[in-house]
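Since the structure comes first, as structure tokens, the remarks are kept for the end.
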Number of protein chains: 2
Amino acid sequence: MALIVHKYGGTSMGSTERIRNVAKRVAKWARAGHQMVVVPSAMSGETNRLLGLAKELSPAATTPELQRELDMIASTGEQVSVGLLAIALQAEGMQAVSYTGWQVPILTDDSYTKARIQSIDDKRVRADLEAGKVVIITGFQGIDDNGHITTLGRGGSDTSAVAVAAAMKADECLIYTDVDGVYTTDPRIVAEARRLHTISFEEMLEMASLGSKVLQIRSVEFAGKYRVPLRVLSSFTPWDIDINEEAKSGTLITFEEDEKMEQAVVSGIAFNRDEAKVSLLGVPDKPGIAYQILGPVADANIDVDVIIQNVGHDGKTDFSFTVHRNDFQRTLDLLKSEVLPKAGGATISGDAKICKVSIVGIGMRSHVGVASKMFSALSDEGINIQMITTSEIKTSVVIDEKYMELAVRALHKAFDLDQPAA
Amino acid sequence: MALIVHKYGGTSMGSTERIRNVAKRVAKWARAGHQMVVVPSAMSGETNRLLGLAKELSPAATTPELQRELDMIASTGEQVSVGLLAIALQAEGMQAVSYTGWQVPILTDDSYTKARIQSIDDKRVRADLEAGKVVIITGFQGIDDNGHITTLGRGGSDTSAVAVAAAMKADECLIYTDVDGVYTTDPRIVAEARRLHTISFEEMLEMASLGSKVLQIRSVEFAGKYRVPLRVLSSFTPWDIDINEEAKSGTLITFEEDEKMEQAVVSGIAFNRDEAKVSLLGVPDKPGIAYQILGPVADANIDVDVIIQNVGHDGKTDFSFTVHRNDFQRTLDLLKSEVLPKAGGATISGDAKICKVSIVGIGMRSHVGVASKMFSALSDEGINIQMITTSEIKTSVVIDEKYMELAVRALHKAFDLDQPAA
């Protein structure tokens with residue numbers, strides 16, 4: 001007997017028919033003798049519908065008071081889901097009970113619309129599990145110290161599921177989603193893309209943060225911090241497939257580096273075309289210049305991804321970074337009005353038609369020449385590299401957006417990702 | 001400065017445009033210097049939509065476990081409403097904060113789907129009022145001792161508003177609805193029906209329980225118990241009408257019997273065509289027979305309204321009662337299978353085509369001959385009376401359904417209800 005957490009996304013909960021299938025699948029796991037905790041998302045479209053109503057009343061949500069009310073409203077989507085799933089499980093003959101975030105309780109800070117989980121009290125849930133009940137907990141939400149409802153931001157239900165699994169010391173957290181696992185790259189771009197049976201936590205973190213949208217990045221961080229075994233698998237397999245087969249399907253995110261399986265040097269190719277590049281050329285090469293440039297950007301709540309500053313010469317240096325494309329124009333305006341006047345003689349250039357392509361692999365730690373193999377593969381295709389940034393287990397390049405598919409395919413082939421793992 | 005509670009029904013909250021109008025009306029009251037608490041219903045149609053989803057998953061909701069989940073689901077309708085109204089008020093430049101039943105908290109018993117309010121802690125709300133905020137509280141719901149969400153049953157938001165007004169010792173509780181007050185009878189049936197400026201609590205209770213659907217009966221009971229001044233008024237007047245005019249509009253439900261205004265003998269005519277009549281003829285006239293008949297009916301959760309047992313003769317008596325029409329066939333079946341076999345020689349008759357018409361008036365206490373005037377008016381129209389039941393301030397008759405409109409019009413005229421009060 002194991003303690004298992006299932007998480008179902010909004011598509012899986014999208015209709016009463018689908019909720020009934022989720023209930024049958026959960027019931028199958030419970031009947032196999034497992035203690036089951038389920039974290040469902042809101043029915044697909046519901047969160048957008050609710051926030052749309054709020055937006056009609058107040059187009060710009062900025063004050064904490066208003067964001068508190070958004071959380072009040074948006075949290076109801078998951079509350080409906082847990083109640084419906086409990087009823088569907090009861091109709092299957094199971095004992096089931098649902099809880100909201102505040103009932104568990106899942107304590108968060110008070111950053112409305114993007115709260116962070118601080119602690120989870122597992123007493124109530126554990127008592128129900130021991131009484132033989134399936135426990136269903138709202139994703140995406142919690143309660144702060146003063147008894148206000150908070151939400152964790154988009155994709156927060158993944159984080160809720162992992163956090164509950166961590167608090168309960170669950171044996172595994174299964175994230176059911178509309179893809180059947182983590183792939184070496186997006187199969188829509190590379191037909192030979194292969195599902196990974198396992199991926200290390202660090203690699204998953206890089207894949208998630210680099211735009212592979214399978215898992216919300218905060219949930220991966222949480223899983224890493226608390227070493228929650230996490231599996232991504234498809235909610236579109238028939239609910240009555242053999243449970244042993246199901247338990248081995250999808251992709252397992254592991255924390256053991258000494259896995260028996262030979263580790264590939266590169267596990268996957270990630271890409272992101274939502275970014276834009278901004279460069280300041282010829283800025284004074286002096287202490288504090290990075291803060292002088294990025295301080296106003298951060299103050300304007302603009303997220304910066306890649307940041308590159310090369311060694312300077314003649315007292316000048318070039319400084320580049322990428323932002324989300326939606327923030328591109330705002331960033332340029334901000335730099336022109338607030339930074340350029342103080343950065344004697346610097347000029348700005350920007351390009352929204354770029355993309356970032358990355359190779360990710362824990363094996364890069366112990367293998368030299370991985371980055372140069374990447375550059376060579378891109379060079380062979382005549383692709384010019386505009387920016388390079390590296391971390392211990394990934395190398396990213398910024399290139400012209402029009403080469404993205406070509407680059408991803410070339411790299412997928414160069415690192416033999418279309419071959420089954422040894 | 002007064003402390004005022006406003007309650008808005010689902011129609012008034014039916015769209016963001018209407019919610020904006022509610023916000024403007026509440027803001028007008030707040031700007032006039034009043035401390036404002038607002039209890040809105042769910043947006044019209046929302047509760048039915050939510051319970052419809054639940055019904056698709058489990059057609060028959062019977063167990064407490066299932067009803068707990070129904071409350072989990074249905075309570076979200078009001079939660080969305082309070083959040084939206086708070087946002088609309090903030091957009092009007094007001095300070096506003098919303099609370100769910102559990103946040104106040106409004107403590108109830110654990111009778112899911114039909115819980116009763118036990119206590120309301122007003123500390124949190126009062127602190128916000130004193131800080132100059134408009135406080136918006138979910139209707140229809142509370143929390144039980146074990147932290148489960150409960151709902152108060154259909155129309156429960158009226159009860160929530162009155163209970164909050166009672167707990168806060170509010171100066172007045174204004175129930176905004178889609179009619180502009182309490183009428184002498186239904187204006188759709190009697191064109192001359194007149195709006196009452198005031199009605200006594202006891203009369204309102206009879207009118208509410210007799211099928212006049214302006215106010216939920218439990219809210220009237222609550223208002224009576226805690227002497228909450230209650231006003232029913234229209235939410236369809238323009239939000240910007242003069243506040244002094246608005247404050248005197250609608251119908252005020254009073255508790256002072258020594259009102260200056262001359263009390264009419266009969267204040268209104270109520271009617272109800274949702275009932276069916278069941279008679280057991282020739283049952284043994286012995287102690288315990290009423291329980292023997294109605295015990296199984298109560299056990300089957302069938303509500304009984306009028307009950308009449310006349311004096312018996314020859315050791316036999318006749319026993320009649322009315323039930324909701326939806327329960328008519330079930331009641332007949334039940335009596336045949338469980339009661340008749342033990343009620344030697346009795347026979348059953350039933351009639352679903354009946355209606356109940358009542359005259360209501362606190363003046364009946366001190367005026368003789370009111371009932372006989374009623375019977376005479378009906379007799380003049382050739383209407384046969386099937387059953388009669390009386391209380392201190394009302395007399396009801398059961399008649400053939402087809403005479404209902406005729407009877408209501410005749411009584412309205414006979415008691416001079418189309419004349420303005422003296």
Side-chain angles (χ1 to χ4, degrees), chain A residues 15-17 19-20 23 42-43 46 49-50 52-61 63 65-92 94-100 102-105 124 133 136 138 143 146-149, chain B residues 15-17 19-20 23 42-43 46 49-61 63 65-92 95-100 102-105 124 133 136 138 143 146-149:
Chain A
S15 67
T16 49
E17 190 50 42
I19 291 172
R20 204 174 284 124
M43 296 175 79
E46 189 60 10
R49 182 184 76 82
L50 292 165
L53 289 171
K55 202 157 192 174
E56 284 175 32
L57 290 168
S58 189
T63 65
E65 289 74 22
L66 198 147
Q67 291 178 321
R68 176 191 182 278
E69 303 301 332
L70 291 180
D71 284 359
M72 187 75 142
I73 294 165
S75 62
T76 63
E78 281 73 16
Q79 188 172 329
V80 170
S81 279
V82 293
L84 291 175
L85 183 54
I87 288 175
L89 274 159
Q90 290 172 6
E92 287 294 316
M94 310 301 293
Q95 287 195 73
V97 64
S98 72
Y99 293 116
T100 59
W102 62 265
Q103 284 178 320
V104 171
R124 183 166 208 165
K133 293 179 192 169
I136 305 156
T138 53
I143 183 172
N146 292 311
H148 303 295
I149 294 173
Chain B
S15 66
T16 48
E17 190 49 42
I19 291 172
R20 204 173 283 126
M43 295 174 79
E46 189 59 11
R49 182 184 75 83
L50 292 166
L51 292 177
L53 289 171
K55 201 157 192 172
E56 284 175 32
L57 290 168
S58 188
T63 64
E65 287 75 20
L66 199 147
Q67 289 177 321
R68 176 191 182 281
E69 303 301 332
L70 291 180
D71 283 358
M72 187 74 141
I73 294 165
S75 61
T76 62
E78 281 73 17
Q79 189 173 328
V80 171
S81 279
V82 295
L84 291 176
L85 183 53
I87 289 175
L89 274 159
Q90 290 173 6
E92 287 295 317
Q95 286 194 73
V97 63
S98 73
Y99 293 116
T100 59
W102 62 264
Q103 283 179 319
V104 172
R124 183 167 206 165
K133 292 179 191 170
I136 305 156
T138 53
I143 183 172
N146 292 310
H148 302 294
I149 294 174

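Here is how names work: the chains are called A, B, and so on, in the same order as the sequence lines, proteins then strands, and each is numbered from 1. Only a predicted model underlies this, so the values are computations on that prediction, with no experimental measurement involved.
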query: Is there a donor-acceptor contact under 3.5 Å from the side chain of B:Ser58 to the main chain of B:Lys55?
result: no
query: Relative to chain B, which segment of A:Gln103 carries a heavy atom at a distance below 4.5 Å: side chain, backbone, both, or neither?
result: side chain
Atom group of A:Ser81 that falls short of 4.5 Å from chain B, counting heavy atoms: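 Answer is neither: A:Ser81 stays 4.5 Å or more from chain B.
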Go through the atoms of [X] and report whether side chain, backbone, both or neither lie under 4.5 Å from a heavy atom of chain A.
| X | answer |
| --- | --- |
| B:Ile143 | side chain |
| B:Ala96 | backbone |
| B:Ser15 | neither |

Highest number of heavy-atom pairs under 4.5 Å with chain B: which of [options]?
| options | result |
| --- | --- |
| A:Glu65, A:Met43, A:Gln95 | A:Glu65 |
| A:Gly77, A:Ala54, A:Ser98 | A:Ser98 |
| A:Thr16, A:Leu85, A:Val80, A:Ile136 | A:Thr16 |

field: Steps toward side chain to side chain contact (heavy atoms under 4.5 Å, CB included) verdict (A:Thr63, A:Arg68)
entry: CA-CA 9 Å; A:Thr63 65; A:Arg68 176 191 182 278; over 6 Å; no
query: Should the pair B:Arg49-B:Glu46 be classified as a salt bridge under the 4.0 Å nitrogen-to-oxygen rule?
result: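 Salt bridge flag = yes for B:Glu46 with B:Arg49.
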- prompt: Would you call A:Ile87 and B:Ile73 a side-chain contact if the rule is heavy atoms closer than 4.5 Å?
  reply: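 Answer yes - side chains close enough.
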message: When you compare the side chain of B:Val82 with that of A:Glu69, does any pair of heavy atoms fall below 4.5 Å?
response: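 No; the side chains remain at least 4.5 Å from each other.
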Any residue meeting side chain to side chain donor-acceptor pair (under 3.5 Å) with B:Gln90, in chain and number order, not counting sequence neighbours: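 Per chain and number, B:Gln90 pairs via side chain to side chain donor-acceptor pair (under 3.5 Å) with no residue.
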message: So, using salt bridge (charged side-chain N to carboxylate O under 4.0 Å, His left out) as the criterion, who are the partners of A:Arg20 when residues are at least two apart?
response: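 Testing A:Arg20 for salt bridge (charged side-chain N to carboxylate O under 4.0 Å, His left out), a comparison that skips the adjacent residues, returns A:Glu17.
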Pairs of heavy atoms under 4.5 Å with chain A: top-ranked of B:Ala88, B:Ala86, B:Gly147: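 The option with the most such pairs is B:Gly147.
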